[in-house]
Amino acid sequence: MSRRSVDINGQHWSVSTTGRVTQYSRDEIGLLFSRTVGDHREERVTRFSPLGARSSELAIAELGDGQLKDLFARSQPSWTAAETGYRS
């Protein structure tokens, strides 16, 4: 699984694919933003449609930091997302 990292508002977030395949297959890829502070793990989830590569690993590698920050701004908490099993 491809993994990236990005700093958002002074916080370090790890970015990876969710691994969940939607009905749109390679036309839509889920991203998982996660960070750990002490014993607490925070996760946020979003989806995006890649413009270049359709492979999830290549598509996430093609995203710039600005694009990751925009996707983070549109992400939802893990407890509202099927990709994380609605866990907090």
Side-chain angles (χ1 to χ4, degrees):
M1 178 185 306
S2 181
R3 195 172 279 276
R4 297 262 317 264
S5 62
V6 65
D7 287 326
I8 300 171
N9 299 326
Q11 299 173 338
H12 181 78
W13 290 85
S14 183
V15 185
S16 61
T17 59
T18 61
R20 182 176 175 149
V21 178
T22 67
Q23 66 185 3
Y24 303 108
S25 187
R26 293 185 185 161
D27 290 338
E28 185 176 78
I29 297 170
L31 287 182
L32 177 68
F33 291 88
S34 60
R35 71 182 185 110
T36 304
V37 178
D39 292 337
H40 177 70
R41 181 178 175 98
E42 184 178 356
E43 296 178 324
R44 298 187 62 84
V45 178
T46 191
R47 294 183 185 145
F48 78 103
S49 296
L51 298 177
R54 295 290 187 233
S55 162
S56 58
E57 289 81 17
L58 292 175
I60 194 173
E62 289 178 347
L63 292 172
D65 287 350
Q67 292 169 307
L68 287 173
K69 289 177 183 180
D70 288 342
L71 288 168
F72 179 85
R74 290 183 261 144
S75 66
Q76 63 189 57
S78 62
W79 58 270
T80 64
E83 286 92 333
T84 58
Y86 302 103
R87 69 179 182 271
S88 58

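Quick caveat: nothing in here was measured; it's all calculated off a predicted structure.
- Within the structure, the salt bridge (charged side-chain N to carboxylate O under 4.0 Å, His left out) test picks out no pair touching residues 5-15 (sequence neighbours left out).
- When all heavy atoms of Pro50 and Ile29 are compared, the pair lying nearest together is CG-CD1, 3.7 Å.
- Among residues two or more places apart in sequence or in another chain, the side-chain contact (heavy atoms from CB on, under 4.5 Å) test is passed with Thr84 by Leu32, Glu43, Val45, Ser78, Ala81, Arg87.
- With side-chain heavy atoms closer than 4.5 Å counting as contact, directly or through intermediates, Tyr86 stands alone and belongs to no larger hydrophobic cluster.
- Looking only at side-chain heavy atoms (C-beta outward), Phe33 and Thr46 come within less than 4.5 Å of each other.
- For the pair Leu31/Leu63, a side-chain contact is recorded, criterion being any heavy-atom separation below 4.5 Å from C-beta on.
- For Phe48, there are no ring pair (Phe, Tyr, Trp, His ring centres under 6.0 Å) partners two or more places apart in sequence or in a different chain.
- Rounding to the nearest 0.5 angstrom, the gap separating the CZ atom in Arg35 from the CZ atom in Arg44 is 10.5 Å.
- Here Ser14 pairs with Arg3, Ser34 under the side-chain contact (heavy atoms from CB on, under 4.5 Å) rule; sequence neighbours left out.
- To the nearest 0.5 Å, atoms CH2 (Trp13) and CD1 (Ile8) are separated by 7.0 Å.
- Between Val15 and Leu68 the shortest heavy-atom distance is CG1-CD2, 4.0 Å.
- Here side-chain hydrogen bond (donor to acceptor under 3.5 Å, both in side chains) pairs that include residues 61-74, with residues two or more places apart or in two chains, are Arg4-Asp65.
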